[in-house]
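Okay, so here's the structure we're looking at.
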Amino acid sequence: MRSELSRFLEGLSWPRPQPVEPAAVLDPETAPSDPVVLFEQWLRAAVAAGVPAAHVMTLATVDVAGRPDARVTVLEDVDDHAFWLSASETSPKGKQLGRVPVAALVFHWPQLGRQVRVRGTVRAADEARTAAAFARLSLSARAEALVDRQSRPLHDEAWLSDALGDPADLVHLEEPGAVSAPTWRLWGVDAGRMEFFQAGPGDPDGTGDEDHHLRLRYSRADDGWETVLLRP
């Protein structure tokens with residue numbers, strides 16, 4: 001028996017986001033040889049176009065039984081080799097990253113008709129990099145990390161308020177960088193494969209032909225990156 005939700009979903013049209021500027025369409029012939037460079041260009045373009053929270057991404061992980069999890073989180077940093085995010089070692093996310101060190105990321109910028117997919121192995125940052133990133137967190141985020149109860153059952157909202165208390169007392173603002181959460185970690189996803197998805201540029205000649213999306217995949221090789229165009 002079909003539900004009301006099934007009928008509602010059937011009535012929705014498939015989203016076909018278009019680039020806000022035709023000149024922004026990806027040209028595989030002139031694309032950078034390094035996908036991290038292309039990612040930076042696309043991220044900056046998304047911010048310039050006013051895409052809300054352009055640094056937010058979907059993170060997919062698996063547990064030791066092979067069961068998948070996905071959640072939306074924030075990109076903390078990116079360098080030549082890895083995309084960095086944060087998680088407590090004791091949280092479900094941190095446990096999965098530590099015990100099954102593989103992950104996938106998806107960035108979605110619908111206003112530009114773009115997606116970026118990243119897949120690779122996971123590693124924890126060293127203590128110095130983790131401490132520097134922890135010091136950049138907001139006061140409340142540092143306090144919550146010190147309490148370290150993320151994703152655990154919350155039976156009493158008042159208990160949480162009492163546990164956090166005054167964040168300034170907990171974090172010791174008079175000594176910036178002197179306090180860190182022992183279980184809070186930066187995790188790097190070392191990209192082994194990245195895919196750039198660009199929506200079709202529209203129908204400039206008015207023929208009504210179906211637009212084709214462009215998909216450019218980078219795969220890490222011994223001497224750099226290999227690229228290939230994928231069928232839409």
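Predicted, not measured: the structure shown is a model, and the values here were computed from it.
Judged as a salt bridge (charged side-chain N to carboxylate O under 4.0 Å, His left out), the pairs with a partner in residues 28-41 (not counting sequence neighbours) are, in order, Glu40-Arg44. Residue pairs meeting the salt bridge (charged side-chain N to carboxylate O under 4.0 Å, His left out) criterion with at least one partner in residues 96-111, sequence neighbours excluded, are absent. Judged as a side chain to side chain donor-acceptor pair (under 3.5 Å), not a single pair has a partner in residues 223-232 (not counting sequence neighbours). Every pair tested for salt bridge (charged side-chain N to carboxylate O under 4.0 Å, His left out) that includes a residue from residues 49-60 fails, sequence neighbours excluded, so the list is empty.
Leu230 belongs to a hydrophobic cluster with Val228, counting contacts under 4.5 Å between side-chain heavy atoms of Ile, Leu, Val, Met, Phe, Trp and Tyr, direct or through other members.
Judged as a side-chain hydrogen bond (donor to acceptor under 3.5 Å, both in side chains), and not counting sequence neighbours, Arg119 has no contacts. The side-chain contact (heavy atoms from CB on, under 4.5 Å) search around Asp190 returns His81, Ala82, Thr121, Arg123, not counting sequence neighbours. A search for ring-ring contact (aromatic ring centres under 6.0 Å, His included) contacts involving Phe196 returns Trp42, Tyr218, not counting sequence neighbours. Considering only residues two or more places apart in sequence or on other chains, Ala65 meets the side-chain contact (heavy atoms from CB on, under 4.5 Å) condition with Asp63, Arg67. In this structure, the side-chain contact (heavy atoms from CB on, under 4.5 Å) partners of Ala124, at least two apart in sequence or on a different chain, are Trp187. Residues forming a side-chain contact (heavy atoms from CB on, under 4.5 Å) with Ser219 (at least two apart in sequence, or on another chain): Arg193, Arg217.
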Dump the intermediate steps for side chain to side chain contact (heavy atoms under 4.5 Å, CB included) on Leu75 and Leu85, then the final yes or no.
CA-CA 5 Å; Leu75 178 67; Leu85 58 111; over 6 Å; no

Test salt bridge (Lys or Arg N to Asp or Glu O under 4.0 Å) on Arg129 and Asp79 and set out the steps.
CA-CA 12 Å; Arg129 185 166 194 162; Asp79 56 28; 3.0 Å; yes

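Note that OG of Ser86 is 6.0 Å distant from NZ of Lys93, once rounded to the nearest 0.5 Å. Once rounded to the nearest 0.5 Å, the distance linking NE2 of His213 with CD of Gln198 reads 10.0 Å.
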Would you give me the side-chain donor-acceptor pairs under 3.5 Å for residues 50-62, sequence neighbours excluded?
from	atom 1	to	atom 2	distance (Å)
Thr61	OG1	Arg71	NH1	2.9
Thr61	OG1	Arg71	NH2	3.4
Thr61	OG1	Gln96	OE1	2.4

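A distance-only check finds no donor-acceptor pair linking the side chain of Arg215 to the backbone of Glu195 [under 3.5 Å].
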